Novice: 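This is the structure, below, for whatever I ask next.
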Amino acid sequence: MSFNTRRALQLALIVAATAVLSACASKPKTPPRVADTGPPPRHDTQQPRHDQVPQGPIPGSEQDFVINIGDRVYFDFDSYAIRPDAQPVLAAQAAWLSRYGSVRVRIEGNCDERGTREYNLALGARRANAIRDFLVSRGVSTTRIATISYGKERPLDGGDGEDAWARNRNGHTAIVDGAR
Amino acid sequence: MNIKADFIGFCAACLLAFSPVLALAQNAPLPPTGAPPATPGAPGAPSGVVEIDQGVIQPLPIAIPAFSGPARGGDITQVVTADLERSGLFAPLNPATFIEKNLDLSLEPSFPAWKQISAQFLVYGAVTMAGDGRLKVDFRLYDVYSEKSLLGKTYTTTPENWRKLSHKIADDIYEQLTGQGGYFDTQIVFVAESGPKTARVKRLEIMDQDGANPSYLTDGSYLVMTPRFSPDSSNRQIIYMALRPTGSTVYLFDLNTNRQETVVRFPGMVFAPRFSPDGNHIAFSVEKNGNSDIYITDLRSRSSTRLTSDPSIDTSPSFSPDGGSIVFNSDRGGSPQLYVMNVDGSNVRRISYGGGRYTTPVWSPKGDYIAFTKQEGGDFHIGVMRADGSEERVLTSSYLDEGPSWAPNGRVLVFFRESPGGAVRLWTVDITGRVLKPAPFQGSGSDPAWSPLLN
């Protein structure tokens, strides 16, 4: 199982759990987006509760983007070149963003810990910008894209060793708003 | 925080005649224990007694009996002793071995009694309460072998200031015996880290250099990094970077008022701020469309000037102590290396030519060295080199050593060391690399910055 897939499934589970919890809450003030757009709770039926959880991501939702498109691409050490394996992911991101034109994103550049803090902030900015340039070249308006570098401050993987470092060298396309 | 000092019994002529007794250089090894110094008054040696640049092979035995008087005497002695011991240059002797007791400031010590326990130096003092409730501390520093008084001073201060006073006494002794500036009456600001590595909470924290009086400056609601003191100790300012999902901010934090303000605004990220030696300017990096360049801002007019315009990473600027040059980090040659330029951005030249990747250059306040982080052979190192790149010396080595900051005397560095599990601690090392120690602070910390000597 690829790391991307695993993360996506983890997120999907969290989303599902959130939906169940919301359904159980006695006075949900503002139900999360998922519960809002999913089938209404049916407390009067005998069906098991898990059947009420949406079975797949709603098209145009953040989950749709994360699970079906992929919100993260990876980089080589001290490099901000878009790798061949990242290009189809970013092309799909661009297409998805074209389809859902109200979505705005923030691209977060991340680095492994095998570099010093300030250099990594600069390197992460290059990575975020490289992704932005790719999306823009595929027709996404610059006004919909913000960038930031987290340098080595927000690793996905707290471990040490090449596997962890490889996961931590990434660009994350985070949906800021506009998703369904 | 005023401490009044009076010199008493300070005999410059004695000192001139005396110095230097012990040049503890590699070519002048420590004399055998108990024997008198082999080469008193060696010509051409620096004015101090201890030649620290070459590295002390064996710390100097020093006797520091507890200062007399009911008020704080023992506490002050402990702080002075700990400071001197941590420097690695001095070996405070066990008070249980002391033969002469109840020293009297009005009398000379019994030198044979101190020679007998191999003390080379002797410090003793007395603490009394002045009529106005203030603390008065008299102390003397003696060279045991030449049987001469090297220093005598009186300090008067408020009782709650006793730790600061102790550090000043330790600085006096260190300065007298090494000929270098002291660094004990200082603070360290750093980033206190908590929580798992994937979701670290980072708060600015400040403490005395010996770990006392720790206190948080920010609440952890946003990421903080790279705090640096203004070299001008009179304005008590820190500059640092904050990082939020919405962007980065460079804050100027006033330690007198605990207030902060944003000092530079650019569309892209701003990071890596550092003060000029006069405290009136900051140099920093600005990111635009993914490219980072170095700018300088006048803190009074708030006008900014761009110093580099290269399609490479240019970051981590640090001023020379004369303010005329800036050393910085760039990957314009293909990998991160160190470069020096004039403060107007002209005359850029590369200075690092060893193997590996060089980052975080920091110019010594003395001007004689540039400290850096070096990545080579899978490890990270703290090192120093001359401003022209010569005489490179690697001082430390571990999974991750990073971010050196100079003590105000330019002879000791504080940095942080992160282990593979993610534990991150502050460490100190002297410029010879021989005195490498965890900083006297148990908590988790990174990005340390040493203050100038306090007023």
Side-chain angles (χ1 to χ4, degrees), chain A residues 7 10 75 77-82 104-134 136 142 145-162 164-165 167-168 171-172 174-177, chain B residues 191 196-200 202 223-226 241 243-248 268-274 284-285 287-293 312-317 328-331 334-336 357-360 372-375 378 380 399-403 416 418-422 446-447:
Chain A
R7 290 289 299 183
Q10 283 171 356
F75 291 89
F77 175 73
D78 196 18
S79 167
Y80 59 104
I82 302 294
R104 294 193 307 122
V105 296
R106 177 179 62 240
I107 300 167
E108 302 161 347
N110 292 295
C111 303
D112 65 30
E113 64 185 7
R114 306 317 281 166
T116 48
R117 197 174 316 287
E118 291 173 341
Y119 184 84
N120 276 356
L121 284 170
L123 177 60
R126 277 180 160 176
R127 287 176 176 165
N129 195 71
I131 292 171
R132 189 187 69 159
D133 285 351
F134 188 100
V136 169
T142 55
I145 308 174
T147 59
I148 191 160
S149 172
Y150 281 139
K152 61 175 174 176
E153 308 307 312
R154 281 288 176 252
L156 271 182
D157 189 325
D160 54 276
E162 185 48 47
W165 302 333
R167 281 194 278 277
N168 292 335
H172 177 223
I175 292 180
V176 178
D177 60 36
Chain B
V191 174
K197 208 167 162 181
T198 50
R200 278 279 156 88
K202 295 190 166 200
L223 284 172
V224 300
M225 49 197 93
T226 65
M241 175 199 169
L243 184 58
R244 300 178 175 88
T246 48
S248 69
M269 291 187 66
V270 286
F271 57 105
R274 203 179 281 276
F284 53 99
S285 278
E287 173 267 330
K288 186 181 180 189
N289 295 329
N291 181 43
S292 301
D293 280 310
S312 62
I313 289 174
D314 292 333
T315 190
S316 302
F328 65 102
N329 183 209
S330 178
D331 71 342
S335 69
R357 301 155 57 82
Y358 294 80
T359 52
T360 78
F372 52 83
T373 304
K374 178 176 182 171
Q375 194 177 350
F380 281 68
Y399 175 76
L400 180 53
D401 285 352
E402 180 177 339
F416 71 95
E418 189 162 347
S419 47
S446 61
D447 290 10

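Predicted model only: the values in this text are computed from it and were never measured.
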Novice: Check whether A/Ala122 gets within reach of chain B through its side chain, its backbone, both or neither, counting any heavy atom under 4.5 Å.
Specialist: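 Both backbone and side chain of A/Ala122 come within 4.5 Å of chain B.
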Novice: Quick check on B/Pro420 against chain A: is it the side chain, the backbone, both or neither that has a heavy atom closer than 4.5 Å?
Specialist: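 Answer is both: backbone and side chain atoms of B/Pro420 are under 4.5 Å from chain A.
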Novice: Quick check on B/Ser316 against chain A: is it the side chain, the backbone, both or neither that has a heavy atom closer than 4.5 Å?
Specialist: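 Both backbone and side chain of B/Ser316 come within 4.5 Å of chain A.
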Novice: Could you tell me which portion of A/Tyr80 (side chain, backbone, both or neither) has an atom closer than 4.5 angstrom to a non-hydrogen atom of chain B?
Specialist: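 For A/Tyr80, neither part sits under 4.5 Å from chain B.
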Novice: Have a look at B/Ser330 and tell me which of B/Asp314, B/Thr315, B/Thr359 forms a side-chain hydrogen bond (donor to acceptor under 3.5 Å, both in side chains) with it.
Specialist: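 When B/Asp314, B/Thr315, B/Thr359 are each tested with B/Ser330, the side-chain hydrogen bond (donor to acceptor under 3.5 Å, both in side chains) holds only for B/Asp314.
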Novice: Measure B/Ser312 against the heavy atoms of chain A and call it side chain, backbone, both or neither at under 4.5 Å.
Specialist: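 Backbone plus side chain of B/Ser312, per the 4.5 Å heavy-atom cut-off to chain A.
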Novice: Check this for me, if you would: do B/Glu287 and A/Arg126 make a salt bridge, where the nitrogen-to-carboxylate-oxygen distance has to be below 4.0 angstrom?
Specialist: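 So B/Glu287 does not pair with A/Arg126 through a salt bridge.
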Novice: What part of B/Phe416 gets within 4.5 angstrom of chain A, counting heavy atoms only: side chain, backbone, both, or neither?
Specialist: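 Interface part for B/Phe416: side chain.
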Novice: Relative to chain A, which segment of B/Ile313 carries a heavy atom at a distance below 4.5 Å: side chain, backbone, both, or neither?
Specialist: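 Contact with chain A: backbone and side chain both.
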Novice: Strictly below 4.0 Å, N to O, side chains only: are B/Arg357 and A/Asp78 in salt-bridge contact?
Specialist: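 A/Asp78 and B/Arg357: salt-bridged.
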Novice: Using a 4.5 angstrom heavy-atom cutoff, name the option from B/Met241, B/Arg200, B/Glu418 with the most pairs to chain A.
Specialist: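 Winner by heavy-atom pair count: B/Arg200.
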Novice: Tell me yes or no: between the side chains of A/Asn129 and A/Arg132, is some donor less than 3.5 Å from an acceptor?
Specialist: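 There is such a pair (donor and acceptor under 3.5 Å, judged by atom type) between the side chains of A/Asn129 and A/Arg132.
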Novice: With only heavy atoms counted, which part of B/Asn289 is less than 4.5 Å from chain A, the side chain, the backbone, both or neither?
Specialist: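 Both backbone and side chain.
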Novice: Of the backbone (N, CA, C, O) and the side chain (C-beta and beyond), which part of A/Glu113 lies under 4.5 Å from a heavy atom of chain B, both, or neither?
Specialist: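 It is both, since atoms from each part get that close.
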Novice: I want to check a possible cation-pi pair here: A/Arg114 against B/Phe380, using under 6.0 Å from ring centre and within 45° of the ring axis as the test.
Specialist: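 So A/Arg114 doesn't make the cation-pi contact.
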Novice: Give a yes or no on whether the backbone of A/Gly109 and the side-chain of A/Arg154 come within a donor-acceptor separation of less than 3.5 Å.
Specialist: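 The answer is no, because no donor-acceptor pair under 3.5 Å joins these two groups.
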Novice: Restricting to non-hydrogen atoms, name the atom on A/Leu156 and the atom on A/Asn168 that form the minimum distance, rounded to 0.1 Å.
Specialist: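 In this case the closest contact between A/Leu156 and A/Asn168 is N-OD1, 2.8 Å.
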